[in-house]
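A quick write-up on the structure given underneath.
Values below: all heavy atoms of this structure, side chains included; hydrogens, waters and symmetry mates excluded.
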Amino acid sequence: MTFFITPFHYTDCFSVRQIGYGANHTAGFEEELLDLRYYSASEEIPFKEVLSAHQPKQVYPPGTVSAYSNYGAALAALIVEEASGQSYKDYIKEHILLPLGMTHTSVGPFWMDVDGLLDHKAKGYSYNGKGFWREDEMHLRTYPAGAMNGTAADLLLFAEWLAKAPGEETQLFKSPETKERLFKETWCSYGANAGLSHGFWQYANHPGILGHEGGTYGFKTQFWVEPEAERAILILTNVMETDYCSAIMEAIIEQDARPLKQEVGSQDLSMLYGDYLPARSAWSYVGKIQARMQIIQISKEGEENLRLKMPLADKDLLYEPVGEYQFYCAETIPEERSLAFSVSDGRVTSMTFRLAHDYVPAGPLNGFAGSFLSLGSYILLTVLWLAILIVLGSKIVCKRSSFQWQRIILPICGLILGAAGIAGMLHWFSLYTIISTELNIVAGIGIAAAICGIFTELSYVVKRKNRASVLRLFYLHCKL
């Protein structure tokens, strides 16, 4: 079996055991947001080339932190291709879709192998509390991580076979024991009310209910099976809206009572206070901005309670202690009722909240204040360059100052540097991907503008000994 993967940061990483880490989303990968989408079928390239083009860095020791990774799931699909000698699309079609009679389902980024499927596909929407708007189709390059399209009836066929009672024969597995091993818990973050079984999440406080949820712009799916009751639950919407789906599950599943409070000794809660970022974050490139939008702030409330806030998500929850660095809130959805902190050597290593990924301490520079001070300064300096350019231009137009090209080059370069970055970020957020060619163009424009501005202004400073020029160079340095 041949792999293209570059060496990992943690040298013991790639082994059969690490494949399990990938299924548990504990391989330590950072979030990969570069070139997630195709925009036409002519762009499609072999799947191995997709994964080799942008390999995420390994930022956590494997098996220590749960950080949901589409790349990890896609890597498992590549292993299927290498082991079977078939493309992932063909393997799934031959071994799962056709045997189960799922003839109205397609796997891949463009779903063109099933006649009429796209003609009947629902239109996707997003919702922001004020209204709906249409979303374009998302054709994912890492399609094994979430790009199967088909009918609800087809998906129900798959769910029914997966929900067969333990020990029953099923077309999905050669042996009933295989499914039992598949659904055996393989990971559970400290204090979590739900564990993980080879990529299937347990529903909160119900380890016998296993499934997965996911979505793209315009669509959301929740898929759950309960083999002990031979029950399957599918929630499919053409709106990317998590809370709505969670509320439906909460109405269907009987919720457990509040956990009993454990007797614990004195706890130093001060180490828990501060800002946290999702472990599912980009850490080494501009995609890190997305994670900053999901910052969680933990603060003291009374003598032993904690206040959880998400400043950009309008979330404000009060948690009461129930165990050692474990807390509970009854006034929220089941997935958010448990909050826990893994502590080692007197410091927090991770925080458990919701499913899919842990949270990690942000530190002062990556926290809410540091992140938005940095972003705010960048925007403010861009506005400042615009203001300087307007002032210089008005003086020249009103003939209060003579035109000197050296004086306007630096403001123009500063404005270009800021505007290129802001335009790039707004465009990437709207697409939910960072287009690598655009990123290179933006970076190239920024570097060229910075070099041009610095050298032009330095020559002007040397010739004129102008204090205002020194100040403008300082502004540019701050922006860089």
Compute the ring centroids of [X] and [Y], then answer whether they are less than 6.0 Å apart.
X	Y	answer
Trp224	His206	no
Tyr88	Phe47	no
Tyr359	His357	yes
Tyr125	Trp133	no

Taking side chain as C-beta onward, heavy atoms only, is [X] less than 4.5 Å from [Y]?
X	Y	value
Glu81	Leu78	yes
Glu32	Tyr285	yes
Leu51	Tyr71	yes

How about [X] and [Y]: does a side-chain donor come under 3.5 Å of a side-chain acceptor?
X	Y	value
Tyr143	Trp111	no
Thr142	Asn70	no
Asp268	Ser270	yes
Arg337	Asn193	no
Thr186	Asn24	yes
Gln267	Glu324	no
Glu213	Thr221	no
Glu30	Ser284	yes
Asp35	Ser436	yes

Problem - Salt bridge present between Lys220 and Glu135 (N-O < 4.0 angstrom) - result: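 No.
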
Exercise for the section: State whether Glu336 and Arg354 are salt-bridged, where the test is any N-O pair (Lys NZ or Arg NE/NH1/NH2 against Asp/Glu carboxylate O) under 4.0 Å. Expected result: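 Yes, this pair counts.
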
Problem - Interatomic distance, Leu308 atom CG to Ile296 atom CD1 [nearest 0.5 angstrom] - result: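 With rounding to 0.5 Å, CG (Leu308) is 5.0 Å from CD1 (Ile296).
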
Problem - Audit row: Tyr190, Gln326, side chain to side chain donor-acceptor pair (under 3.5 Å) steps and yes/no - result: CA-CA 9 Å; Tyr190 176 73; Gln326 299 179 51; 3.2 Å; yes

Minimum heavy-atom distance between [X] and [Y], given as atom pair plus value:
X	Y	answer
His212	Gly199	CD2-O, 3.2 Å
Tyr38	Pro109	CD1-CB, 3.8 Å
Thr382	Gly418	OG1-CA, 3.3 Å
Gly195	Glu185	CA-OE1, 4.1 Å
Val360	Ala279	CG1-CB, 4.3 Å

Is a side-chain donor or acceptor of [X] paired with a backbone partner of [Y] at a separation under 3.5 angstrom?
X	Y	answer
His54	Leu34	no
Thr433	Leu36	yes
Ser52	Lys48	yes
Ser394	Val391	yes

Exercise for the section: Anything under 30° is parallel, anything over 60° is perpendicular, the rest tilted; go ahead and classify Phe353 against Tyr319. Expected result: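 Ring orientation of Phe353 relative to Tyr319: perpendicular.
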
Exercise for the section: Using the six-membered ring wherever Trp is involved, compare the ring planes of Phe341 and Phe327 and label them parallel, tilted or perpendicular (cut-offs 30° and 60°). Expected result: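 Perpendicular, since the angle between the ring planes exceeds 60°.
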
Crowded around [X] [atom1]? As in, over 12 foreign heavy atoms under 6.0 Å?
X	atom1	result
Asp314	CG	no
Leu365	CG	no
Tyr244	OH	no
Lys121	NZ	yes

Exercise for the section: Report yes or no: is the cationic atom of Lys123 (NZ for Lys, CZ for Arg) under 6.0 Å from the centre of the six-membered ring of Phe219, at an angle within 45° of the ring normal? Expected result: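 Not flagged: Lys123 not positioned over aromatic ring of Phe219.
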
Problem - Derivation of the side chain to side chain donor-acceptor pair (under 3.5 Å) call for Trp283 and Tyr60 - result: CA-CA 11 Å; Trp283 296 97; Tyr60 311 109; 3.1 Å; yes

Handout entry: Selection residues 295-307 - residue pairs positive for salt bridge (Lys or Arg N to Asp or Glu O under 4.0 Å), sequence neighbours left out
Key =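 Output for this query lists Lys261-Glu304, Glu301-Arg307, Arg307-Asp316.
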
Problem - Ser66 and Asp358: CA distance, side-chain angles, deciding distance, side chain to side chain donor-acceptor pair (under 3.5 Å) verdict - result: CA-CA 5 Å; Ser66 175; Asp358 296 333; 4.9 Å; no

Considering only distance and modelled atom types, tabulate donor-acceptor pairs under 3.5 Å from the side chains of residues 342-349, sequence neighbours left out.
unit_1	atom_1	unit_2	atom_2	d
Ser342	OG	Thr349	OG1	3.3
Thr349	OG1	Ser342	O	3.1

Practice task
Determine, stepwise, if the pair Tyr276 / Ile295 fulfils side chain to side chain contact (heavy atoms under 4.5 Å, CB included).
Solution key: CA-CA 6 Å; Tyr276 293 80; Ile295 284 176; over 6 Å; no

Handout entry: Stepwise side chain to side chain contact (heavy atoms under 4.5 Å, CB included) check, Ile435 with His427
Key = CA-CA 9 Å; Ile435 301 173; His427 187 218; 4.3 Å; yes

Problem - Candidate pair Phe223 and Phe158, rule ring pair (Phe, Tyr, Trp, His ring centres under 6.0 Å), full reasoning - result: CA-CA 10 Å; Phe223 174 102; Phe158 178 70; 5.7 Å; yes

Problem - salt bridge (charged side-chain N to carboxylate O under 4.0 Å, His left out) partners for Arg37, two or more places apart - result: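 Per chain and number, Arg37 pairs via salt bridge (charged side-chain N to carboxylate O under 4.0 Å, His left out) with no residue.
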
